Amino acid sequence: MPSSSARGHLRRVARFGFTARPPYSFALTVRKPAGWHWLTPGEVWDDAAGTLFTGLRLDDGLAVGVKAWGRGTVARPRVVVEAFAARVLTAAERRALKRTLRRALDVDADISGFVRLAARDAVLKRIARPLHGMHEGFGGGLWPLLILAVTLQMAPIKRSMTMLHALLDHYGQRLRFDGRSVRLWPTPARIAAAPLRELKARCKLGYRARVLKAIARQLLAGFPSLEELKRMSPEQATEKLQELYGVGEYSAAMVTPHVSFPLDVWSVQIFARLFGIRIPKDRDPRALIPRVARAAERRWGAWRGLALVYVLNALDQLGEKS
DNA sequence: GCGTCCAGGTCTACC
DNA sequence: GGTAGACCTGGACGC
């Protein structure tokens with residue numbers, strides 16, 4: 001009888017348990033109310049079991065299926081992760097996987113300062129309770145974040161999702177494990193090698209096809225990892241990211257591992273209304289970005305990045321349209 | 001059905 | 001250094 005991996009299915013190769021710093025909600029962290037994915041678009045959430053099936057790629061290129069679920073409570077939280085792969089992990093891969101999951105789950109972050117801020121802030125206290133324990137925890141790595149930032153540029157969200165899913169369907173990799181199927185992001189090498197016209201036509205990317213290929217080539221030529229960007233000063237990391245073709249202020253703010261407050265033409269209007277800043281009808285809302293960003297920094301300081309995530313995941317409660 | 005407009009930015013040429 | 005204009009595509013809208 002053929003082994004499960006011989007049929008294209010991955011087998012279980014590791015199991016990790018993480019103790020998270022409370023307050024921590026696994027479900028809210030990996031499955032945000034606004035519908036954003038944790039590691040890869042189209043990951044599978046089993047609502048009855050509270051279990052997420054998703055996947056990632058290690059730095060050496062090994063594809064890993066990830067099954068994760070929460071244990072305990074928001075006040076005494078734990079996360080269990082099972083990893084699936086086509087072969088046994090080396091000790092180095094095992095360590096790298098654990099480190100990546102730990103960072104992506106955000107289990108070590110202490111958000112008690114944010115909880116105290118949210119209790120006294122007029123905007124946050126309207127939304128914080130149902131989101132109690134939600135961490136940023138947006139994973140996937142530098143390249144997936146760059147793909148996301150580029151596909152969000154100059155496009156309504158529906159079109160951005162069309163582009164993302166087409167990229168995963170045509171250039172990504174499908175993983176089958178534990179009876180589920182998920183898609184992994186395409187590699188930079190795959191996008192760099194794809195013919196421009198084909199990439200453009202298949203994924204409806206328009207000018208972004210050229211941008212993604214340029215970024216993929218820059219990454220392949222050598223670029224700091226998220227960990228290395230984190231070790232730089234926030235200014236240095238932003239400057240480095242903006243060396244990538246097609247990455248401007250907004251995209252760099254989306255991708256940087258430092259505290260940031262990425263504002264675009266849509267979100268700047270939401271935060272302007274929340275801060276009581278008048279939006280002139282005859283001016284491009286983008287002109288308000290520096291002013292709204294300063295207001296967020298004054299109001300929320302180092303917690304402004306998490307505050308942004310909370311607000312964008314609670315637009316209904318705030319009377320804003322998503 | 002058809003034409004027009006413009007979006008959840010960024011780069012480049014031009015002044 | 002500041003600022004139009006171009007960039008892809010497809011959904012929304014007016015007719």
Side-chain angles (χ1 to χ4, degrees), chain A residues 32-37 41 136 138 140 142-171 186 191 194-219 223 237-256 260-275 277 279-293 295-296 304-305 307-316 318-322:
Chain A
K32 302 268 189 309
W36 289 102
H37 57 272
E136 282 196 65
F138 194 74
L142 177 63
W143 168 238
L145 281 169
L146 287 163
I147 295 178
L148 187 61
V150 170
T151 50
L152 283 175
Q153 292 172 8
M154 266 287 280
I157 192 67
K158 196 171 174 184
R159 175 142 187 250
S160 299
M161 296 316 291
T162 300
M163 292 187 260
L164 278 179
H165 285 289
L167 271 166
L168 285 152
D169 285 340
H170 294 293
Y171 298 98
I191 296 302
L196 180 64
R197 287 177 66 174
E198 178 197 280
L199 182 65
K200 199 178 198 175
R202 279 183 169 177
C203 303
K204 319 288 182 197
L205 285 166
Y207 70 91
R208 300 170 198 82
R210 190 166 40 88
V211 174
L212 280 183
K213 281 180 71 69
I215 293 175
R217 283 194 296 267
Q218 283 176 277
L219 295 191
F223 196 83
T238 297
E239 202 175 314
K240 193 71 199 170
L241 284 165
Q242 290 192 245
E243 285 177 13
L244 295 169
Y245 181 73
V247 174
E249 210 174 322
Y250 166 76
S251 300
M254 264 198 70
V255 172
T256 183
S260 68
F261 200 76
L263 288 171
D264 52 39
V265 69
W266 166 75
S267 56
V268 75
Q269 296 176 75
I270 291 171
F271 285 97
R273 284 192 286 274
L274 292 177
F275 296 162
I277 296 172
I279 307 168
K281 282 195 170 55
D282 54 341
R283 282 183 66 198
D284 183 350
R286 287 185 182 89
L288 285 175
I289 288 176
R291 188 175 163 201
V292 172
R304 63 192 182 284
L308 181 134
V309 174
Y310 269 65
V311 167
L312 298 186
N313 279 285
L315 294 177
D316 289 349
L318 292 167
E320 296 281 347
K321 276 190 266 182
S322 53

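It should be emphasised that the depicted structure is a prediction, and the values quoted were computed from it without experimental measurement. In what follows, every chain begins at residue 1, and chains take the letters A, B, ... in the order their sequences are listed.
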Nearest-Å distance, CD1 (A:I215) to C1' (B:dC11)? 13 Å

What contact category does A:S251 fall into here, base, sugar-phosphate, or nothing, at under 4.0 angstrom with non-hydrogen atoms? sugar-phosphate

Which whole-number value in Å describes the distance from A:M163 CE to C:dG11 C1'? 12 Å

Base, sugar-phosphate alone, or nothing: which one does A:V247 contact when heavy atoms must sit under 4.0 Å apart? sugar-phosphate

Short side-chain N/O contact from A:K204 to OP1 or OP2 of C:dG10, under 4.0 Å: yes

When rounded to whole Å, the CZ to C1' distance for the pair A:R202 and C:dT9 reads 18 Å

Using a cut-off of 4.0 Å on non-hydrogen atoms, how would the nucleic acid contact of A:L152 be classed: base, sugar-phosphate, or nothing? sugar-phosphate

Is any N or O donor-acceptor pair between the side chain of A:R159 and the base of C:dC8 shorter than 3.5 Å? yes

Provide, to the nearest angstrom, the distance between the CG atom belonging to A:L164 and the P atom belonging to C:dT9. 17 Å

Is there a Watson-Crick or G-U wobble partner for B:dG8 with both distances under 3.5 Å, and if so, which one is it? none

From the options C:dC8, B:dT10, B:dC11, select the nucleotide whose nearest atom is closest to the side chain of A:R208. C:dC8

With nearest nucleotides of DNA chain B determined for A:D264 and A:L244 from heavy-atom distances, which residue corresponds to the more 5′ nucleotide? A:D264

Rounded to whole angstrom, note down the P distance from C:dG5 over to B:dC6. 14 Å

Rounded off to whole Å, could you give me the CD-to-C1' distance for the A:Q153 and B:dC11 pair? 10 Å

From CG of A:L288 across to P of B:dG9 the rounded distance in Å is 14 Å

Closest to side chain of A:Y245, choosing from B:dT12, C:dC8, B:dT10: B:dT12

Within the 3.5 Å criterion, strictly below it, is a donor on A:Y245 or A:R217 matched to an acceptor on the partner's side chain? no

Euclidean distance, A:Y171 OH relative to A:I191 CD1, rounded to 0.5 Å: 6.5 Å

Closer to the 5' end of DNA chain C via nearest nucleotide, is it A:M154 or A:K158? A:M154

Given 3.5 Å as the limit, does a donor-acceptor pair link the side chain of A:S267 with the main chain of A:L263, or not? no

Pairing partner (Watson-Crick or G-U wobble, both distances under 3.5 angstrom) of C:dC8: none

Does A:Q269 CD have over 12 foreign heavy atoms under 6.0 Å away? yes

Suppose you measure atom P in C:dG10 against the same atom in B:dT10; what distance do you get, rounded to whole Å? 22 Å

Quick one: A:L167 CG to C:dC8 P, roughly how many Å, whole number? 16 Å

In whole Å, what is the span from the CG atom of A:L212 to the C1' atom of C:dT9? 15 Å

Among the nucleotides B:dG9, B:dT10, B:dT12, whichever has the atom closest to the side chain of A:V265 is B:dG9

Indicate the atoms forming the closest heavy-atom contact of A:L241 with A:A252, along with that distance. CD1-O, 3.7 Å

In terms of side-chain heavy atoms, does A:Y310 have a donor or acceptor partner in A:E136 at a distance below 3.5 Å? no

